[in-house]
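Reviewing the structure listed below.
Just so it is clear, the structure is predicted and the values come from calculations on it, not from any experiment.
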There are 2 protein chains.
Amino acid sequence: MDAKQIHHGKESASCPMDFILRMLMGPWTTYILYNLKTHGPQRFGELKRRVAGISAKMLTERLRTLEGASLVRRDYEATIPPKVTYSLTQRGHELDDVLGKLAEIGMRWEAEDAALRAARAAELKAAE
Amino acid sequence: MDAKQIHHGKESASCPMDFILRMLMGPWTTYILYNLKTHGPQRFGELKRRVAGISAKMLTERLRTLEGASLVRRDYEATIPPKVTYSLTQRGHELDDVLGKLAEIGMRWEAEDAALRAARAAELKAAE
DNA sequence: TCCATGAGTTACGAATTGGTACCTACTGGT
DNA sequence: ACCAGTAGGTACCAATTCGTAACTCATGGA
């Protein structure tokens, strides 16, 4: 769906995780998935308020992409005003483990880096 | 390192997997990591030949980014011509599991989709 | 003497990205 | 009568991205 994919589309067919990473990679995608996971099904406006800073355009586009990949379901109720609820599909939930593991690794690295910085700072202070 | 990060940097601090996904997300990043994982430490040119279609500029930039994140180590020998070898660090190898799982999910989805398409095609043929 | 190699760097340029502002249609509140 | 909220769509515009082509430096080979 992006030009990038078209651009080297043939090569990327060889790597199955490429597709999935491309899906997760949008700047806001992880926030959206994270919010849908932790706060459950939500309406468009709710989601937009939670994912602070995102524009309606971007949110729409990301949700459409996720919907196209069957990671998110869109339930439209033609009430007035209309009510559109987004939720994770089964596929969306299949990513829970991996995202959890990634978050864990991310946090571990963050902690390690912080410890390293602290140690270095202490070292500097001692040398001074 | 990207403007994207600067752009909503404060918000992204709340999500630890965001950093890590941003690292993996570059169009070529997974190929590079995959190649380093499966073919072991390699020199720049070797890597460039394996990751078909990548430009030297991109490869350099991606490797620098990965190096900055301590996922890849760069060993430079100042011989003539110079010899630069890249390999996964311990941190780089910590992603093996997750990437493996992602690849597995990706392949499963691909297979499911293919099965679905086949079923649909058969249905069409039967109806015809 | 000219070319190729290895590992890049730099300049340029076209395409893509993503934000802002404005539009829709409908209704309920003041 | 006017404004706000819902769920977007659209046009425009600036910035970013990524590819291409040219350049680097030093040496060994034809």
Side-chain angles (χ1 to χ4, degrees), chain A residues 1-12 18 22-32 35-36 41-68 72-87, chain B residues 1-12 18 22-32 35-36 41-68 72-87:
Chain A
M1 93 234 4
D2 299 335
K4 269 174 225 158
Q5 271 141 299
I6 293 159
H7 189 255
H8 56 289
K10 268 162 208 162
E11 289 84 31
S12 63
D18 210 64
R22 237 177 262 287
M23 195 53 49
L24 302 178
M25 93 190 180
W28 305 98
T29 315
T30 54
Y31 295 120
I32 296 169
N35 268 295
L36 285 177
Q42 280 165 82
R43 299 178 56 184
F44 184 87
E46 233 175 316
L47 208 47
K48 179 157 159 30
R49 252 168 274 126
R50 280 232 178 75
V51 182
I54 198 171
S55 65
K57 180 187 165 190
M58 250 289 104
L59 184 52
T60 305
E61 197 230 337
R62 291 281 102 202
L63 285 171
R64 289 291 189 287
T65 302
L66 290 169
E67 200 196 343
V72 158
R73 181 186 21 244
R74 179 174 185 269
D75 293 304
Y76 179 78
E77 278 179 75
T79 57
I80 284 171
K83 194 170 178 175
V84 181
T85 308
Y86 291 94
S87 53
Chain B
M1 84 232 12
D2 300 334
K4 268 173 227 159
Q5 271 142 301
I6 293 160
H7 189 256
H8 54 290
K10 268 163 207 162
E11 288 86 30
S12 66
D18 211 65
R22 239 176 261 288
M23 195 53 50
L24 301 179
M25 94 190 180
W28 305 98
T29 314
T30 54
Y31 295 120
I32 297 169
N35 267 296
L36 286 176
Q42 280 164 82
R43 298 177 57 183
F44 184 87
E46 231 176 318
L47 207 47
K48 179 157 159 28
R49 252 167 276 125
R50 280 234 177 74
V51 182
I54 197 171
S55 65
K57 180 189 165 189
M58 251 286 104
L59 184 53
T60 305
E61 196 229 335
R62 291 281 102 203
L63 285 170
R64 289 290 189 289
T65 302
L66 290 169
E67 198 195 345
V72 158
R73 181 185 22 241
R74 179 174 185 269
D75 294 303
Y76 179 78
E77 279 179 75
T79 55
I80 286 173
K83 194 172 179 174
V84 182
T85 308
Y86 291 94
S87 53

Using a cut-off of less than 4.0 Å, is there contact between a side-chain N or O of Ser55(B) and OP1 or OP2 of dG19(D)? yes
Nearest heavy atoms of Arg73(B) and Asp75(B), plus distance in Å: CD-OD1, 3.6 Å
May I ask you to verify if any side-chain N or O of Trp28(B) is less than 4.0 angstrom from the OP1 or OP2 atom of dG19(D)? yes
Rounded to whole angstrom units, what separation is found between the CD atom of Glu77(B) and the P atom of dT27(D)? 17 Å
Please report, rounded to the nearest Å, how far the P atom of dG18(C) is from the NZ atom of Lys48(A). 16 Å
Can you tell me if the side-chain N/O atoms of Arg43(B) get under 4.0 Å from OP1 or OP2 in dG8(C)? no
Measure from CG on Leu63(B) to C1' on dT9(C) and round the result to the nearest Å. 15 Å
Five pairs at each end of the helix from dT1(C)-dA30(D) to dT30(C)-dA1(D): take the axis at both ends and give me the angle between them to 10°. 30°
From the options dC18(D), dG18(C), dA7(D), select the nucleotide whose nearest atom is closest to the side chain of Pro82(A). dA7(D)
Hey, is the side chain of Arg49(A) poking within less than 4.0 Å of OP1 or OP2 on dT6(D), counting only N and O atoms? yes
Counting side-chain heavy atoms from C-beta on, which of dA7(D), dT20(D), dG9(D) comes nearest to Lys57(B)? dT20(D)
Provide, to the nearest angstrom, the distance between the CG atom belonging to Leu59(A) and the P atom belonging to dA7(D). 10 Å
Quick check: do Leu47(A) and Leu63(A) have side-chain heavy atoms less than 4.5 Å from each other? yes
side-chain hydrogen bond (donor to acceptor under 3.5 Å, both in side chains) partners for Arg50(A), two or more places apart: Gln42(A)
Heavy-atom closest pair (Arg62(A) atom, Met23(A) atom, distance to 0.1 Å) is NH1-O, 4.2 Å
Quick note, Ile80(A) side chain, CB onward, closest among dT27(C), dT9(C), dG8(D) is dT27(C)
In whole Å, what is the span from the CZ atom of Arg62(A) to the P atom of dG18(C)? 7 Å
Can you confirm whether Trp28(A) sits close enough to Leu59(A) that some side-chain heavy atom of one is under 4.5 Å from a side-chain heavy atom of the other? no
Under 4.0 Å from OP1 or OP2 of dA7(C): is there any side-chain N or O of Arg74(B) that close? no
Nearest whole Å is fine: how far is dT17(C) C1' from Ile54(A) CD1? 14 Å
Can you tell me if Tyr86(B) touches the phosphate of dG6(C), counting only side-chain N or O atoms and a distance under 4.0 Å to OP1 or OP2? no
Contact between Glu61(A) and Met58(A) at the side-chain level, heavy atoms closer than 4.5 Å - yes or no? yes
Give the minimum heavy-atom separation between Val51(B) and Asn35(B), together with the two atoms involved. CG2-ND2, 3.5 Å
Just how far, in rounded Å, is P of dA7(C) from CG of Asp75(B)? 12 Å
Without decimals, in angstroms, what is the distance between Tyr76(A) OH and dG8(D) C1'? 10 Å
